[in-house]
Amino acid sequence: GESVGLHLPTLSVQEGDNSIINCAYSNSASDYFIWYKQESGKGPQFIIDIRSNMDKRQGQRVTVLLNKTVKHLSLQIAATQPGDSAVYFCAESSLSNSGYALNFGKGTSLLVTP
Amino acid sequence: EADIYQTPRYLVIGTGKKITLECSQTMGHDKMYWYQQDPGMELHLIHYSYGVNSTEKGDLSSESTVSRIRTEHFPLTLESARPSHTSQYLCASSEYGGAKNIQYFGAGTRLSVL
């Protein structure tokens, strides 16, 4: 299937700094994107999503940016906290994905240092 | 917090045994999914269901089978476990509705086949 990937496998940031996690996708038909956070020993937890007709969406301390021209999206976390340490996955969906199933990319491990 | 439950959380079993991984959700969601995830790696869809009596195979070939007799229950069965089945299995559900496909995950079952 189409690939969804992340630029960096690990990211280390200091507490209080902003974090940016990047994701590239290759399916030009992707029309929905979603970010998940997975802590050790737990299932993925929904963070934020964005439709392809938008280029930015904000949540609580998080912002997702979508650039369809270069097939890239990013997750920005403001004032990163130790509790943000986890693996972050992006995923994309389109009608071609087994009826809108999510296609997950490789995760980025975020480590927040004091 | 998502109301989706997986049991057991951990399972160590010998080769050749039949096992069933349980997944239940109380959100009334029509769509349910099973993913396989190796440590630190992306999620791969192995089965999904649109609703009762509907089951489909995902992108990753799997020797497991699933059933959907009740909306809330989506068990996964391995008739004869092998060491190659050692992995984490994640169950998820979502409202049936197309593009905006937020999936809610259980905590997962970590399976080890000796």
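Labels below follow one simple rule: chain letters A, B, ... track the order of the sequence lines, proteins then strands, and each chain is numbered from 1.
If you look at A:Y36 and B:F105, their ring centroids are closer than 6.0 Å.
Following chains of ILVMFWY side-chain contacts shorter than 4.5 Å, one can reach A:L66 starting from A:M54, so the two form part of one hydrophobic cluster. Under the 4.5 Å side-chain heavy-atom criterion for Ile, Leu, Val, Met, Phe, Trp and Tyr, A:F46 and A:V87 are members of the same hydrophobic cluster. Under a hydrophobic clustering in which Ile, Leu, Val, Met, Phe, Trp and Tyr are joined whenever their side-chain heavy atoms come within less than 4.5 Å, directly or via other members, B:M27 and B:Y33 fall into the same cluster. Each of B:V52 and B:V66 belongs to its own hydrophobic cluster when Ile, Leu, Val, Met, Phe, Trp and Tyr are linked at side-chain heavy-atom distances under 4.5 angstrom. A:L75 and A:L65 are not part of a single hydrophobic cluster, where members link through side-chain heavy atoms under 4.5 Å apart.
How far CG of B:L43 is from NZ of A:K106: 12.0 Å, rounded to the nearest 0.5 Å.
In terms of heavy atoms, A:F89 sits closest to B:E42 at CE2-CA, 3.7 Å. Counting all heavy atoms, side chain and backbone alike, A:Y32 lies closest to B:I102 at OH-CG1, 3.2 Å.
Counting non-hydrogen atoms of neighbouring residues, nucleotides and ligands closer than 6.0 angstrom, the CG atom of B:L114 exceeds 12 such neighbours.
Side-chain atoms of B:Y35 and A:L102, non-hydrogen and from C-beta on, do get closer than 4.5 Å to each other. Annotation: side chain of B:L90 is not in contact with side chain of A:K42 (no heavy-atom distance under 4.5 Å).
Between the side chain of B:R110 and the backbone N or O of A:G41 there is no donor-acceptor pair closer than 3.5 Å.
Residue B:Q6: no heavy atom, backbone or side chain, is found under 4.5 Å from chain A.
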